[in-house]
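So the structure is just underneath, and the comments pick up after that.
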There are 2 protein chains.
Amino acid sequence: MNDELAEAREHFIQGMSRISHFWGFPKAMGAIYGAVYLSPEPLSLDDLVAQVGVTKGSVSTNVRTLERLGMVHKRVQLGDRKDYYVAETDFWKVVRGVLREREQNEFAQALNTVQESMEMTDTAVTTPEDAELAQFYQERMQNMQNFFNTLDNLVSTLIALDELRSGTIQRLFNRSTNSSS
Amino acid sequence: MNDELAEAREHFIQGMSRISHFWGFPKAMGAIYGAVYLSPEPLSLDDLVAQVGVTKGSVSTNVRTLERLGMVHKRVQLGDRKDYYVAETDFWKVVRGVLREREQNEFAQALNTVQESMEMTDTAVTTPEDAELAQFYQERMQNMQNFFNTLDNLVSTLIALDELRSGTIQRLFNRSTNSSS
DNA sequence: CGTGACGTTTAGTTCAAACTAAACGTAGTA
DNA sequence: TACTACGTTTAGTTTGAACTAAACGTCACG
């Protein structure tokens with residue numbers, strides 16, 4: 001292939017790598033997505049090993065994560081034992097996938113921990129002089145929990161709406177920018 | 001202090017620690033914020049060393065980051081050389097701070113890298129057989145850049161609006177949830 | 001069966017980020 | 001000027017996540 005094109009691809013892949021790392025994913029994962037995204041043809045696992053320059057094991061695990069997030073899709077071809085991958089090109093879907101994953105994992109847990117701390121404060125037997133402090137704790141924790149709940153609702157609402165009819169986020173955005181004052 | 005209350009605080013701080021780590025910040029940073037957030041009084045650097053259990057150096061650097069993000073505020077007291085810190089309790093402000101930081105740093109860079117890759121593809125001298133591929137690259141990269149631009153605009157719009165009059169995000173949220181159909 | 005071409009799993013290694021310990025700079029105080 | 005009480009900086013260490021190399025399981029086809 002053309003050297004300059006290859007160089008451009010290289011640069012792009014490196015960029016994806018950085019973005020991936022920045023959002024808390026493995027660098028190789030971003031690089032793999034970049035490679036798939038810039039390929040007109042579905043890529044096999046070995047193709048990716050060649051293009052990205054990491055080992056098969058790494059590609060295997062990372063590509064599985066990408067699939068779980070809905071960032072790539074597996075294509076099996078008849079009479080060919082290899083798995084081929086194509087990129088999801090609807091980035092809003094990608095965002096949804098990531099948000100959903102994050103929401104399920106640590107996000108709910110965060111809510112949980114605050115909830116637990118509140119309950120611990122609740123049931124704590126306090127001396128009169130600590131009662132004031134306990135109430136302070138209650139208020140602060142309650143405020144944080146309210147915020148988390150709002151945020152959680154916001155995210156799941158957006159996901160749900162956008163799944164019903166794609167484009168909710170865009171429309172929300174347009175409403176934000178176009179409406180003057 | 002009451003043991004049960006202390007335990008609740010401990011648990012809460014640990015939770016903040018996890019959240020911090022999850023969002024790509026040092027765990028100690030979250031813990032420090034948690035401690036400040038649960039304190040009715042401003043806390044000095046040495047207070048934090050005692051409460052969080054990390055060294056002064058770590059507190060020093062992490063608390064500075066927290067201040068840069070607008071998550072805590074420094075309070076200097078007359079006739080006292082110590083710095084005291086209080087927590088920002090408006091979480092939307094906190095979100096804004098984080099988004100702004102992220103936007104400035106890596107977010108803009110991501111846009112940049114894609115831009116550069118596009119230009120490299122642009123100026124690449126292609127043989128006829130590579131011309132098709134080059135065009136494919138162009139399209140894909142352009143799509144991604146459009147998305148990034150949209151996202152970037154969305155974020156900075158939200159930040160700007162919310163700064164003008166706090167509560168934009170909440171109202172946006174309410175509009176999303178309350179409007180039926 | 002046996003063999004080769006796959007994807008997956010695992011034990012071990014690498015590496016970068018966060019932390020510690022301690023030196024350092026500075027400003028107020030006697 | 002020396003001393004103390006701070007916050008900051010830095011050299012070195014720790015830690016955990018991501019990667020590598022290689023063994024493994026499996027399936028198709030002879």
Side-chain angles (χ1 to χ4, degrees), chain A residues 13-14 16-36 42-69 72-86 101-102 105-106, chain B residues 13-14 16-36 42-69 72-86 101-102 105-106:
Chain A
I13 287 177
Q14 193 180 322
M16 294 301 105
S17 184
R18 289 185 44 190
I19 295 175
S20 179
H21 179 243
F22 178 67
W23 290 105
F25 295 108
K27 288 198 287 184
M29 191 176 121
I32 290 168
Y33 178 78
V36 176
L43 292 180
S44 74
L45 201 146
D46 285 314
D47 293 339
L48 287 169
V49 170
Q51 288 204 19
V52 176
V54 296
T55 59
K56 210 156 63 151
S58 180
V59 173
S60 176
T61 56
N62 279 307
V63 91
R64 188 152 9 105
T65 306
L66 285 171
E67 214 198 352
R68 182 162 40 84
L69 294 178
V72 301
H73 304 286
K74 194 186 284 193
R75 286 278 174 81
V76 290
Q77 303 213 7
L78 292 168
D80 189 344
R81 279 185 284 143
K82 289 186 185 174
D83 299 340
Y84 293 90
Y85 295 93
V86 295
E101 161 113 344
R102 302 233 149 157
N105 288 1
E106 295 286 326
Chain B
I13 288 177
Q14 193 181 324
M16 295 300 104
S17 183
R18 289 185 45 190
I19 295 175
S20 179
H21 178 242
F22 177 68
W23 289 104
F25 295 108
K27 288 198 288 184
M29 192 176 120
I32 291 167
Y33 178 78
V36 176
L43 292 179
S44 73
L45 201 146
D46 285 313
D47 293 339
L48 287 169
V49 170
Q51 289 204 17
V52 177
V54 296
T55 58
K56 211 157 62 152
S58 180
V59 173
S60 176
T61 57
N62 279 307
V63 90
R64 189 153 7 107
T65 306
L66 284 172
E67 213 198 353
R68 182 162 39 84
L69 294 177
V72 302
H73 303 287
K74 194 187 282 192
R75 287 276 174 83
V76 290
Q77 304 213 7
L78 292 167
D80 189 343
R81 280 185 284 144
K82 290 185 184 175
D83 299 339
Y84 293 90
Y85 296 93
V86 296
E101 161 113 342
R102 302 231 149 157
N105 289 0
E106 295 286 324

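Not measured: the values here are computed from a predicted model. Within every chain, numbering begins at 1; the chains are lettered A, B, ... in the order of the sequence lines, protein sequences first and strands thereafter. Worth knowing before you read on, the calculation uses all heavy atoms, side chains too, and leaves out hydrogens, waters and symmetry mates.
- A search for ring-ring contact (aromatic ring centres under 6.0 Å, His included) contacts involving Tyr33(A) returns Tyr37(A), not counting sequence neighbours.
- Each of Lys74(A) and His21(A) has a nearest nucleotide on DNA chain C; the 5'-most of these lies closest to Lys74(A).
- What you find for Gly34(B) and Ile13(B) is that their closest heavy atoms are C-CG1, 4.1 Å.
- Using a 4.5 Å heavy-atom cutoff, the side chains of Phe25(B) and Leu69(B) are in contact.
- Between Leu48(B) atom CG and dC6(D) atom P there is a gap of 14 Å when expressed in whole angstrom units.
- In this structure, the side chains of Leu45(B) and Asp83(B) stay at 4.5 Å or more apart for every pair of heavy atoms.
- Rounded to whole Å, the distance from CG on Asp80(A) to C1' on dC29(D) is 14 Å.
- Checked against Val59(B) for a side chain to side chain contact (heavy atoms under 4.5 Å, CB included), the options Val54(B), Asp47(B), Val52(B) give a single hit: Val54(B).
- Residues in residues 18-33 of chain B take part in these salt bridge (Lys or Arg N to Asp or Glu O under 4.0 Å) pairs, two or more places apart or across chains: Glu106(A)-Arg18(B).
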Identify the pairs formed between an N or O of the protein and an N or O of nucleotides 2-5 of chain D at a distance under 3.5 Å, and give each distance.
residue, atom, partner, partner atom, Å
dA5(D), O4', Arg81(B), NH2, 3.3
dA5(D), N3, Arg81(B), NH1, 3.1

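- Across all non-hydrogen atoms, the minimal contact from Trp23(B) to Arg102(B) is O-NH2, 2.6 Å.
- Looking at heavy-atom distances under 4.0 Å, Lys56(A) makes contact with a base.
- In this structure, the side chains of Arg75(B) and Tyr85(B) stay at 4.5 Å or more apart for every pair of heavy atoms.
- With axes fitted over five pairs at each extremity, the angle between the ends of the helix from dC1(C)-dG30(D) to dA30(C)-dT1(D) is 10° (10° resolution).
- Summarising the geometry, atom NZ belonging to Lys82(B) is positioned 11.0 Å from atom CG belonging to Leu43(B); distances are rounded to the nearest 0.5 Å.
- For DNA chain C, the span of nucleotides reached by chain A at under 4.0 Å from its heavy atoms goes, 5' to 3', from dG4(C) to dT9(C).
- The list of salt bridge (Lys or Arg N to Asp or Glu O under 4.0 Å) pairs with a residue in residues 53-68 of chain A, not counting sequence neighbours, reads Arg68(A)-Glu101(A).
- Proximity of a side-chain donor or acceptor of Ser20(B) to a complementary backbone N or O of Pro26(B) within less than 3.5 Å is detected.
- Between Arg64(A) atom CZ and dA18(D) atom P there is a gap of 14 Å when expressed in whole angstrom units.
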